[in-house]
Amino acid sequence: MGLTIIPFMEIQSFAAKLIGVAIVVLSLLLYTGGTMELLNCIMMCICSFMVMDSMELGGNFSALLPVIDLCVDKVSAILSVPEIDIDGEDIRPQCFDFKVEYIDLACEEKQASMM
């Protein structure tokens, strides 16, 4: 799941940086054209990167929402498991069968596998 989100996070990060650069270029063009004061141009350049950095962080955290949702589902499944018997009542299992699919034994340099 996490690997499918990575390309979108990279595209979002690139777009945020590109918008920041575009705002700086536009501010400089407006300053050189005489329609914006120098102080406003400097503040726009500084604020554009601050705002775009915050938006990039927000985008990265929003991409984690599916992972958080999956974790919450797993925790809910764990919490829905019935409690064990803490009163000490005699509980007998309904089935005594078990199945072994693969056993791997090793003793010093010798190793044996059973199926």
| request: Apply side chain to side chain contact (heavy atoms under 4.5 Å, CB included) to the pair Met44 and Ser48, showing each step before the final yes or no. | output: CA-CA 6 Å; Met44 282 295 292; Ser48 69; 5.9 Å; no

| request: Apply side-chain contact (heavy atoms from CB on, under 4.5 Å) to Asp53 and list each qualifying residue two or more places apart in sequence or on a separate chain. | output: Glu56

| task | Quick one: name the residues clustered hydrophobically with Met50, using the 4.5 Å side-chain heavy-atom rule over I, L, V, M, F, W, Y, and just say none if it's on its own. | result | Tyr31, Leu38, Ile42, Ile46

| Contacts of Leu26 that satisfy side-chain contact (heavy atoms from CB on, under 4.5 Å) - sequence neighbours left out | Leu30

| Residues that, via side-chain heavy atoms closer than 4.5 angstrom, fall in one hydrophobic cluster with Val81 | none

Got a list of side-chain donor-acceptor pairs under 3.5 Å for residues 16-25, not counting sequence neighbours?
none

| Which atoms form the tightest heavy-atom contact between Ser80 and Ala77, and what is the distance? | OG-O, 2.8 Å

| field | Minimal non-hydrogen separation, Cys41 against Ser27, with atom names | value | SG-O, 3.5 Å

| With Val75 via side-chain contact (heavy atoms from CB on, under 4.5 Å) - residues at least two apart | Leu79

